[in-house]
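Read the structure below first, then the notes.
Ligands are counted one by one from 1 in listed order, and the atoms in each one are counted from 1 as well.
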Amino acid sequence: MQEPQTVKAHDLTFELMISQKEIQTKVEAMGEDLRKKYQGKNPLFLGVLNGSFVFTADLVRAFETTCEVSFIKLSSYSGLESTGEVATVIGLTAEVEDRHIIVVEDIIDTGKTMHDFLPTLKKMNPASVAFATFLLKPDAIKYDFPIEYIGFEIPNKFVVGYGMDYNEQGRNLRGIYQLK
Ligand code: IMP
Ligand code: MG
């Protein structure tokens with residue numbers, strides 16, 4: 001099937017911003033970068049649900065070498081806007097102590113979700129923590145912390161696809177689509 005140029009989610013129309021092909025090329029490159037640093041260290045990829053389930057699946061396969069994968073669920077979003085409150089919905093069950101942790105995010109917008117989660121993670125005494133985000137909105141970021149691996153920097157536009165949703169729709173789109 002040809003990649004659609006526009007899609008609908010609920011009442012809104014979105015247009016193609018990043019194609020499936022561009023995504024594949026980028027994620028392969030990110031996997032390779034991570035491999036250079038983490039090969040032989042059995043890192044724990046910690047995907048942040050729900051949005052990062054697609055990116056995490058592709059990233060760990062692009063990483064290729066030995067690793068472990070787990071997921072947590074945090075939430076600060078409802079509809080098109082961040083609510084400003086971060087709640088832990090599903091906690092961390094994997095062993096974090098003395099492990100190299102790579103937190104995998106679909107998108108970092110204001111940065112609040114990850115900034116608030118970082119102290120919780122550090123209390124568990126990991127050997128190291130790094131962030132890998134598929135998208136970053138540089139104009140929206142309000143919290144300062146190092147983000148080691150970034151797929152694409154995008155304008156401050158609401159997007160869906162590749163795991164990301166508008167009120168739960170759009171997660172299964174192969175490309176990234178921006179609000180028209
Ligand atoms: P932050 O706490 O403001 O950085 O928001 C991070 C979370 O909000 C991301 O992990 C996404 O789940 C969600 N989010 C932020 N921007 C968008 C967007 O443009 N589309 C869909 N979800 C988004
Ligand atoms: Mg997310």
Side-chain angles (χ1 to χ4, degrees), residues 3-20 22-23 26-27 30 34 44-60 69-92 94 101-122 129-180:
E3 193 164 36
Q5 295 300 303
T6 63
V7 294
K8 285 204 81 170
H10 297 288
D11 52 323
L12 300 178
T13 304
F14 294 80
E15 57 192 1
L16 187 63
M17 178 192 244
I18 308 171
S19 71
Q20 184 187 358
E22 290 172 285
I23 292 173
K26 179 67 75 178
V27 177
M30 292 179 86
L34 283 157
L44 173 64
F45 286 87
L46 204 56
V48 184
L49 292 172
N50 290 332
S52 83
F53 76 108
V54 179
F55 177 46
T56 306
D58 284 348
L59 190 65
V60 296
V69 188
S70 190
F71 289 93
I72 49 163
K73 189 161 182 171
L74 311 163
S75 183
S76 76
Y77 249 73
S78 171
L80 298 172
E81 303 250 341
S82 184
T83 58
E85 295 288 318
V86 177
T88 307
V89 186
I90 297 173
L92 204 47
I101 310 298
I102 301 157
V103 181
V104 183
E105 261 285 30
D106 50 353
I107 183 166
I108 295 181
D109 182 26
T110 64
K112 183 172 171 58
T113 312
M114 284 306 103
H115 177 267
D116 288 7
F117 174 59
L118 198 51
T120 312
L121 191 57
K122 287 204 164 149
V129 176
F131 288 96
T133 188
F134 177 64
L135 299 180
L136 177 76
K137 293 180 185 170
D139 297 336
I141 199 126
K142 287 189 193 127
Y143 297 82
D144 191 39
F145 58 96
I147 305 165
E148 290 79 0
Y149 302 90
I150 299 165
F152 296 95
E153 295 195 353
I154 61 163
N156 200 358
K157 294 251 174 80
F158 190 81
V159 295
V160 294
Y162 201 61
M164 281 161 272
D165 72 304
Y166 163 50
N167 285 342
E168 300 306 329
Q169 289 186 1
R171 294 192 194 278
N172 61 332
L173 294 164
R174 297 170 195 264
I176 292 288
Y177 292 80
Q178 64 176 339
L179 186 59
K180 211 170 167 171

Query - Ring centers of F14, Y177 separated by less than 6.0 Å - result: no

Query raised in the report: Is there a heavy atom of K137 sitting under 4.0 angstrom from any atom of ligand 1?
Result: yes

Query raised in the report: Looking at G111, which atoms of ligand 1 are within less than 4.0 Å of one of its heavy atoms?
Result: 1 (P), 3 (O), 4 (O)

Query raised in the report: To the nearest 0.5 Å, what is the distance between CG (D116) and CG (L74)?
Result: 9.5 Å

Query - Heavy-atom donor-acceptor pair, S19 side chain to E22 backbone, under 3.5 Å - result: yes

Report task. Return yes if some donor-acceptor pair links the side-chain N/O of K137 with the main-chain N/O of T110 below 3.5 Å, else return no. Result -> no

Query raised in the report: Are any of the N/O atoms in I108 less than 3.5 Å from those in ligand 1?
Result: no

Requested in this report: Would you indicate which of F14, F158, Y143 comes nearest to atom 18 (C) of ligand 1 when only heavy atoms are counted?
Outcome: F158

Requested in this report: Kindly confirm or rule out an N or O of M164 lying under 3.5 angstrom from an N or O of ligand 1.
Outcome: no

Query raised in the report: K180 side chain to T13 main-chain N or O, any donor-acceptor pair under 3.5 Å?
Result: no

Query raised in the report: Under a 4.0 Å heavy-atom limit, does D165 contact ligand 1 with its side chain, its backbone, both, or neither?
Result: backbone

Query raised in the report: Can you list the atoms of ligand 1 that are under 4.0 Å from a heavy atom of T113?
Result: 1 (P), 2 (O), 5 (O), 6 (C)

Report summary line: Which of L179, V159, L135 passes side chain to side chain contact (heavy atoms under 4.5 Å, CB included) with M17? It is V159

Report task. With heavy atoms of E105 as the reference, note each atom of ligand 1 found under 4.0 Å away. Result -> 10 (O)

